[in-house]
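Given the structure is predicted, the values throughout are model-derived calculations rather than measurements.
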Amino acid sequence: MIDLRSDTVTKPSPGMRRVMAEADVGDDVFGEDPCVNHLQEVTARLLGKEAALYVPSGTMANQLCIKVHTQPGDEIIMERTNHPFNSESGALAALSGVQVNLIDGKRGVITAAQVAGAIRHGDDVHNPPTRLVCLENTHNRGGGNVYPVGTIREISEVARQHGLAMHLDGARLLNACVASGLPATAYTQYFDSCTLCLSKGLGAPVGSVLAGSSDFVRRAIRYRKMFGGSMRQAGIVAVAGLYALEHNVERLAEDHQHAKLLAERISSARGLRINPQEVETNIVFLQLDPTVARLDAPGLQRAMHEREVLALAVDQYSMRLVTHLDVTRAQVEQAAQIICDVLSN
Ligand SMILES: Cc1ncc(COP(=O)(O)O)c(C=O)c1O
């Protein structure tokens with residue numbers, strides 16, 4: 001199988017498994033796991049924040065940050081297709097009791113003017129007070145695109161003027177860094193809190209971090225316990241995150257080249273709409289033109305599966321393909337050929 005459903009499907013490499021087997025561990029609820037502590041120090045430095053916290057998933061990282069930033073009844077601003085609103089199982093409502101003021105972006109990117117227009121003030125009793133602006137970089141549903149740093153700066157200026165906090169869903173932040181050539185801090189400097197997933201393109205089997213001020217992280221530790229996310233000898237997986245940061249960051253460029261190649265190869269397939277220029281990192285979104293294509297997205301997914309290529313239909317006429325560390329260039333070429341064949345027969 002060539003699995004292009006997500007970059008979460010990667011399996012730990014032999015080198016990663018070796019360090020996991022040999023990890024020196026302790027009870028992380030007592031703060032005694034050396035690998036977790038080291039990972040938290042390394043990622044706090046990488047993200048330019050005072051402290052970081054290791055958590056089981058990107059979802060928990062986002063939800064803990066939002067919980068710390070808000071009170072029930074607050075409003076938060078984010079783009080309509082952002083992950084915490086779309087794909088975290090209603091956690092914003094269930095765990096933080098906040099409501100979301102959704103903005104329509106262009107490929108996930110919103111502007112400072114849109115944010116300014118969406119802010120509501122708690123001094124009018126009818127309004128929920130706006131507390132937080134959440135952005136996502138790279139933007140998953142936007143097509144893995146890199147958030148322009150200038151846009152982030154402008155949004156943060158508006159947020160500061162109105163006393164709002166800024167949160168970054170940085171699940172794939174290092175993909176943005178590798179694609180743009182900028183350090184993580186070029187982005188994170190504008191945010192009070194940010195996340196980073198170790199189990200996506202970086203290839204660790206599990207785990208994410210959140211980062212912020214020491215006080216912010218201290219409060220997040222309490223909620224991590226409440227949400228059931230405190231782990232014991234977690235160093236056995238945290239060390240895989242350290243290994244991933246050491247070995248698998250620069251190679252993200254390969255995934256980006258593979259995604260671009262895939263987009264170019266399928267761009268002339270019958271009934272398929274795709275702009276390879278828009279592929280900036282490891283995610284490829286394709287649209288099927290219902291007037292021309294012989295299959296819709298679930299049909300294409302099934303036909304590809306029969307030819308041993310896995311992908312995800314996002315809705316009736318769009319599909320997402322993701323390149324990662326367990327897919328070679330030859331497999332990407334093979335998958336592209338299969339998509340072209342399936343659509344032309
Ligand atoms: C942008 C973004 N944020 C957060 C997450 C959540 O990560 P997890 O699956 O580890 O909960 C994902 C997962 O795909 C994601 O794409």
[atom1]/[X] to [atom2]/[Y] distance, rounded to the nearest 0.5 angstrom?
X      : Y      : atom1 : atom2 : result
Arg270 : Leu343 : CZ    : CG    : 8.0 Å
Arg5   : His305 : CZ    : NE2   : 8.0 Å
Thr185 : Leu47  : OG1   : CG    : 9.0 Å
Asp27  : Arg232 : CG    : CZ    : 4.5 Å
Lys200 : His324 : NZ    : NE2   : 13.5 Å
Arg172 : Cys197 : CZ    : SG    : 7.5 Å

Can you confirm whether the side chains of [X] and [Y] place a donor and an acceptor under 3.5 Å from each other?
X      : Y      : value
Asn62  : Glu88  : yes
Tyr187 : Ser180 : yes
Asp123 : His121 : no
Asp341 : Gln337 : yes
Ser213 : Glu50  : no
Thr281 : His256 : no

Under a 4.0 Å threshold between the charged nitrogen and the carboxylate oxygen, would [Y] count as salt-bridged to [X]?
X      : Y      : value
Arg329 : Glu333 : yes
Asp315 : Arg320 : no
Arg120 : Glu75  : yes

- Task: Run the numbers on Thr81 and Glu79 for side chain to side chain donor-acceptor pair (under 3.5 Å), then give the verdict.
- Result: CA-CA 6 Å; Thr81 61; Glu79 198 271 337; 2.5 Å; yes

Closer than 3.5 angstrom, by distance alone: can the side chain of [X] be matched with the main-chain N or O of [Y] as a donor-acceptor pair?
X      : Y      : answer
Gln40  : Leu53  : no
Lys67  : Arg224 : no
Ser89  : Ala91  : no
Arg80  : Ile103 : no
Asn82  : Pro84  : no
Ser199 : Val206 : no
Asn127 : Pro129 : no

Sub-4.5 Å side-chain heavy-atom contact between [X] and [Y]:
X      : Y      : value
Lys225 : Val29  : yes
Asp289 : Leu272 : no
Met78  : Val133 : no

- Item | Parallel, tilted or perpendicular: ring planes of His247 versus Tyr243, cut at 30 and 60 degrees | parallel

- Query: Got a sec: does the CZ of Arg18 have more than 12 other heavy atoms crowding it under 6.0 Å?
  - Reply: no

- Show the numbers, then the answer: is there a side chain to side chain contact (heavy atoms under 4.5 Å, CB included) between Glu250 and Val178? CA-CA 7 Å; Glu250 276 159 31; Val178 167; 5.8 Å; no

